[in-house]
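Each residue takes its place number in the sequence, starting with 1. Just so we're clear, the structure is a prediction, and the values are computed from it rather than from any experiment.
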Amino acid sequence: MYKIGFDNDKYKSMQSEKIRERIGEFGGKLYLEFGGKLFDDYHASRVLPGFQPDSKLQMLLQLKEDSEIVIVISAQDIEKSKLRGDLGITYDDDVVRLIGEFTRIGLMVGSVVLTKYSPSEKVELFEKRLKKMGYPVYHHFVIEGYPSNTAKIVSDEGFGKNDYIKTSRKLVVITAPGPGSGKMATCLSQLYHENKRGIKAGYAKFETFPIWNLPLKHPVNMAYEAATADLNDVNMIDPWHLEAYGKTTVNYNRDVEIFPVLKALFDRIYGKSPYNSPTDMGVNMAGNCIIDDGACIEASYQEIIRRYFKAKLAAALDDRNSDEYYKLELLMNQADLNETDRKAVGAARAIEEKTGAPAAAIELTDGTVITGKTTDLLGCSSAMLLNALKHMAGIDDEILLINPEVIKPVQQLKLDCLGSKNPRLHTDETLIALSISAVSDENAEKAMAQIKNLKNCEMHSTVILSSVDSSLLKKVGINLTCDARSK
């Protein structure tokens, strides 16, 4: 059952105020390293029900008059044509997309930084593309001995060789298309250059997870480990914070491991580090905005199970993904979870056992579970979808929403003209047929009106669905898992 557990309005207000405070602490200028996604943060919206995917972006809009965005991209990633797995586009194309998204809603993009810079045809073409769009481009270089050789790094032979990024506003948000782009190094380089020019500026980090003021093994934090299993991130108690203040807080291994180096760099730049721990560097208020801990716990359990199914499927397709699966299996055990703690799983498997054919089930937001079986006309996910829409619209289960005489010509088209071997309708074809029926059928019209209410529902299929089906289900907001086997 879907329940709100997070106060999104409180979060936007508290988060923007905390950033304002941090700007003031550093004399009026702050470089804010933005971890994770600035928008489309669907992981956060799943484990903190009520958190909106664009919450961080909306929070920044409250500071837009004082803020500018600097986008960082590694020249090596441009050269390798590195892809964003979730979008299927290269990092350089994503930079252009991000510029468009930010400017469209009124945020200022000041410049783009090419880190690990080395000239090449691809890099130079990208730079020309940006300059043609009217955006300044700066070069930052690989520093030998980074990050451990602090004496060299904080010198004219280190950060001193990097271009100084010209900025004009109090808050400079440093973001990137993905991890490993060089956001932190860009921030530190700017602190060095600002300090040389007599300008007082500070650094802070905005990373939503793990949530520092929740327990180490709180399911929300465990769900973050599940989400980053491929990166081998591990949540841990921040030993620096515990030593400095006697308080237990949560951070993750990479920040804890790099902090001694960061502290040494801050000591050289400022004379004395303003931070005693990795937790000190953060400005994350998410933990203060949880209004129903039980709802967030249950949502996080479901996220862990979903990640487990995803990793299990990846390992079945390619054993090189086995390490991620083993980590998710361990997290399932630590959280005392099993596959059937996801209600749709047991329901779908029961229908398959009864019919001997692939089946699907969906848990609606009110907790009701609806199933679908494979028929001559429809795949199991299509049948389940129609059954769910009928239930939500209050339509009797015996009523047909789509006349079989409408479906048969579509099947004939698929088989005879489009080269398909499967005559059954996919979910997108089913919804198109439903929309056509809705022109003349009142029940079909009522069912169509319920599609928006499929958002945040939990679904399971006993077989791997086609990319067409999984893509459609994602678009309408259904959280899907599948057993790791084909039909």
Exercise for review: Let me see the working for Ile305 and Asp341 under side-chain contact (heavy atoms from CB on, under 4.5 Å), right down to the final yes or no.
Suggested key: CA-CA 8 Å; Ile305 299 172; Asp341 284 323; 3.8 Å; yes
Point to revise | Lys116, NZ: over 12 other non-hydrogen atoms inside 6.0 angstrom | key: no
Review point. Any side-chain heavy-atom pair from Phe26 and Tyr31 closer than 4.5 angstrom?
Key: no
Review point. Are the charged groups of Glu124 and Lys128 less than 4.0 angstrom apart, N to O?
Key: no
Review point. Mind checking whether Tyr275 and Tyr203 have parallel, tilted or perpendicular rings, split at 30° and 60°?
Key: perpendicular
Check your understanding: Should the pair Glu101-Arg104 be classified as a salt bridge under the 4.0 Å nitrogen-to-oxygen rule?
Key -> yes
Listing, residues 308-316 side-chain donor-acceptor contacts under 3.5 Å, not counting sequence neighbours, or none:
{"residue": "Tyr308", "atom": "OH", "partner": "Glu339", "partner atom": "OE2", "Å": "3.0"}
{"residue": "Lys312", "atom": "NZ", "partner": "Glu339", "partner atom": "OE2", "Å": "2.7"}

Practice item. Kindly indicate whether a cation-pi arrangement holds for Arg197 with Tyr164, taking the cut-offs as under 6.0 Å to the six-membered ring centre and within 45° of the axis. Key: yes
Exercise for review: Quick one: sort the Tyr192 and Phe159 rings into parallel, tilted or perpendicular, breaks at 30° and 60°.
Suggested key: tilted
Check your understanding: Any salt bridge between Asp94 and Arg84, counting N to O under 4.0 Å?
Key -> yes
Point to revise | Min side-chain heavy-atom separation Leu472-Ser470 under 4.5 Å | key: no
Check your understanding: Could Glu458 and Lys343 be called an ion pair, given the rule that one side-chain N must be under 4.0 Å from one carboxylate O?
Key -> no
Practice item. May I have the step-by-step check of side-chain contact (heavy atoms from CB on, under 4.5 Å) for Phe126 and Ile73, ending in yes or no? Key: CA-CA 11 Å; Phe126 179 61; Ile73 179 172; 4.1 Å; yes
Practice item. Taking the side chain as every heavy atom from C-beta outward, state whether Asp469 and Ser466 have any atom pair closer than 4.5 Å. Key: yes
Exercise for review: Classify the side-chain pair Glu298/Gln302 by whether it contains a donor and acceptor separated by less than 3.5 Å.
Suggested key: yes
Point to revise | Minimum heavy-atom distance Val96-Met133, with the two atoms named | key: CG1-CE, 4.1 Å
Practice item. State whether a side-chain donor-acceptor pair under 3.5 Å links His193 with Asp163. Key: no
Study note, to complete from the structure: In Phe6, Phe209, Tyr42, the residue satisfying ring-ring contact (aromatic ring centres under 6.0 Å, His included) with Phe51 is Phe6
Practice item. Could you please spell out the steps behind the salt bridge (Lys or Arg N to Asp or Glu O under 4.0 Å) verdict for Glu79 and Lys122? Key: CA-CA 6 Å; Glu79 188 62 31; Lys122 279 187 178 180; 5.4 Å; no
**Study point:** Short side-chain donor-acceptor distance under 3.5 Å, Thr279 and Asp238
**Key:** yes
Practice item. For Glu121, look at atom CD and say whether over 12 heavy atoms of other residues, nucleotides or ligands are found less than 6.0 Å away. Key: no
Check your understanding: Is it true that Glu324 and Lys327 make a salt bridge, defined as a side-chain N closer than 4.0 Å to a carboxylate O?
Key -> no
Review point. How far apart are the closest heavy atoms of Ile211 and Val250, and which atoms are they?
Key: O-CB, 4.1 Å
Check your understanding: Do Ser111 and Tyr135 touch side chain to side chain, with heavy atoms closer than 4.5 Å?
Key -> no
Exercise for review: Establish, from distance only, whether the side-chain atoms of Tyr224 and Asp233 form a donor-acceptor pair under 3.5 Å.
Suggested key: yes
Review point. Cut-off 3.5 Å, side chains only: do His218 and Asp293 have a donor facing an acceptor?
Key: yes
